[in-house]
Amino acid sequence: MSTHYPGEAVATRRGSPLLVGVKSSKHVVTDHIPILYGDDSGDGSHSPFRVKRMNSVINVSVEDAGQMEMEYYFASDASAVIEHTNRVLYLEDDDVAAVHEGNLSLHRVNRVSDDKNAPENTRRSIETLKLELQQIMKGSYETFMQKEIFEQPDSIFNTMRGRVDFETNEVRLGGLKDHLPMIRRSRRLLFIACGTSYHSAVATRQILEETTEMPVMVELASDFLDRRTPIFRDDVCFFISQSGETADTLNALRYCNKRGALLVGITNTGRERA
C-alpha cells in the first residue's frame, strides 16, 4: 500500500506462501483470473523489469455488477481467512496481485519461470475450500496439542480411507500407481523433509527398507542443500511437508528436479503445490 496510490493494494509472492481470499455479495461468473505479463507491452521492449500499469485491471465479473460488493483478504494460510470466505486464489512465486476499486488483477514480470520444465500457466483459479471453521478451532480442548492428540484416531482413519482395503489387505495409492515400475527399478529412495516430517521418515525407514529391499536414505532438507548431495536420474525423491510449503523442502525439490530424479510429494493438504 502506498499514499501515492490511494485505495490500491499490491502483494507479491516470493518463497513464502500467499493466497487471496475472495468474498462477493453476488455470484462470481468466472473462477479463472488471467495473468498479465510485463513483456506484453507490444512496444518491442523486453526489459525484465517492465510492468505496465495501463490496462492492468481485469474485472472479477458478477451477475449483478451494479450492486457489486467485493472483499479481498491476503494471507499465508487458508485458516486465517476461512471465517470470512471459503473462496481462495493461490499465488505462485513471482505472481503480483493488485486490488483497485474492487477489481483484482494478476501480473508477472515475464513468462519465463525459474523452473524451465514447468508448463506455462496463463491464469490462476479461484478454489472453494472444504475446510470448516471448527476444524481449526480448539473447541472444548484446552490446547491445540491436546486436540491433536485426541483427534489422532480420526486422523488415522481418514488417512487410510479409500487407500487401505482391510478385506484384501491391500494398499492402493492412486498417485503412485502409474509410477511403481519406475520406482521398483530405481537406484535408491530418498526421503527429504524438515522438523516432524523428517522424524516421521526416520521412524519408517527401517520398515521401508525391509518391505522394498531397496536402500532408503533420509535427509534433512537444509543439510541436504548445504552438502549439494549428488542426485541421479534413477533416484526417487520423496518430499514430506505437512503444509506443502516448507521453504527448505521446496528448494530441495527444485534441486532434485533439475537433476532429473523422479519426485514424489507427501503432504497433509489436498492441494498440489509442487
Side-chain angles (χ1 to χ4, degrees), residues 11-20 35 37-39 48-49 51 75-78 88-97 106-125 127 173 175-176 178-179 182-183 185-202 205 208 214-274:
T12 185
R13 168 180 169 162
R14 183 61 178 173
S16 299
L18 184 64
L19 61 84
V20 183
I35 300 174
Y37 292 91
D39 55 8
F49 304 105
V51 179
S76 60
D77 189 82
V88 300
L89 183 149
Y90 290 92
L91 300 181
E92 302 295 340
D93 273 351
D94 298 324
D95 281 357
V96 178
L106 298 180
H107 310 261
R108 290 181 69 89
V109 173
N110 51 55
R111 297 176 183 269
V112 179
S113 171
D114 291 339
D115 183 3
K116 305 299 183 182
N117 298 321
E120 181 180 333
N121 191 349
T122 59
R123 64 184 62 190
R124 299 284 180 261
S125 299
E127 302 179 11
L173 299 177
L176 292 179
D178 296 335
H179 303 285
M182 183 180 299
I183 294 175
R185 294 195 304 267
S186 63
R187 174 195 301 249
R188 57 183 177 169
L189 307 179
L190 290 90
F191 286 78
I192 304 167
C194 294
T196 54
S197 296
Y198 167 80
H199 292 295
S200 69
V202 172
R205 175 170 51 188
L208 285 170
M214 298 176 61
V216 177
M217 299 178 60
V218 179
E219 297 281 352
L220 192 62
S222 56
D223 181 57
F224 175 85
L225 290 172
D226 289 340
R227 297 189 347 257
R228 310 298 291 179
T229 306
I231 296 295
F232 306 98
R233 293 182 61 86
D234 52 356
D235 286 336
V236 178
C237 300
F238 292 80
F239 299 89
I240 309 175
S241 170
Q242 294 187 56
S243 65
E245 298 281 2
T246 309
D248 285 338
T249 304
L250 289 178
N251 288 334
L253 182 148
R254 297 185 184 101
Y255 173 85
C256 296
N257 187 42
K258 292 179 180 178
R259 284 151 180 81
L262 175 63
L263 311 181
V264 180
I266 303 175
T267 73
N268 195 31
T269 174
R271 174 174 164 77
E272 300 177 359
R273 301 297 299 154

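This is a predicted model, so every value here is computed, not measured. The figures here come from the full heavy-atom set of this structure, side chains too, leaving out hydrogens, waters and symmetry mates.
Ile231 and Ala261 make their closest contact through CG2-CB, 3.7 Å (heavy atoms, listed as atom of the first residue, atom of the second, distance). Residues Pro215 and Arg187 share a closest heavy-atom pair of CG-O, 3.4 Å. The minimum heavy-atom distance linking Tyr255 with Leu225 is given by the pair CB-CD2, 3.9 Å.
Salt bridge present: Asp94 and Arg14 bring a charged side-chain N and a carboxylate O closer than 4.0 Å.
Rounded to the nearest 0.5 angstrom, Asp95 CG and Leu106 CG are separated by 6.5 Å. Note that OG1 of Thr12 is 8.5 Å distant from CG of Asp93, once rounded to the nearest 0.5 Å. Separating the CZ atom in Arg124 from the CG atom in Leu91 is a distance of 7.5 Å, to the nearest 0.5 Å. One distance of note links CZ of Phe224 with SG of Cys237; it measures 6.0 Å at 0.5 Å rounding. In this structure, Asp235 CG and Leu262 CG are separated by 10.0 Å, a value rounded to the nearest 0.5 Å. A distance of 7.5 Å separates CZ of Arg13 from CG of Leu18, quoted to the nearest 0.5 Å.
Among residues two or more places apart in sequence or in another chain, the salt bridge (Lys or Arg N to Asp or Glu O under 4.0 Å) test is passed with Asp248 by none. A search for side-chain hydrogen bond (donor to acceptor under 3.5 Å, both in side chains) contacts involving Arg227 returns Glu219, Asp223, Thr229, not counting sequence neighbours.
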Start with the C-alpha distance between Leu189 and Leu208, add both sets of side-chain angles, then the distance that settles side chain to side chain contact (heavy atoms under 4.5 Å, CB included), and finish with yes or no.
CA-CA 9 Å; Leu189 307 179; Leu208 285 170; 5.7 Å; no
Where do Asn257 and Arg254 land on the side-chain hydrogen bond (donor to acceptor under 3.5 Å, both in side chains) test, with the steps shown first?
CA-CA 5 Å; Asn257 187 42; Arg254 297 185 184 101; over 6 Å; no
Donor-acceptor contacts under 3.5 Å from residues 190-200 side chains, at least two apart:
{"from": "Thr196", "atom 1": "OG1", "to": "Gln242", "atom 2": "NE2", "distance (Å)": "2.9"}
{"from": "Ser200", "atom 1": "OG", "to": "Ser197", "atom 2": "O", "distance (Å)": "2.5"}

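No more than 12 heavy atoms of other residues, nucleotides or ligands lie within 6.0 Å of CE in Met182, so this atom counts as exposed by the packing criterion.
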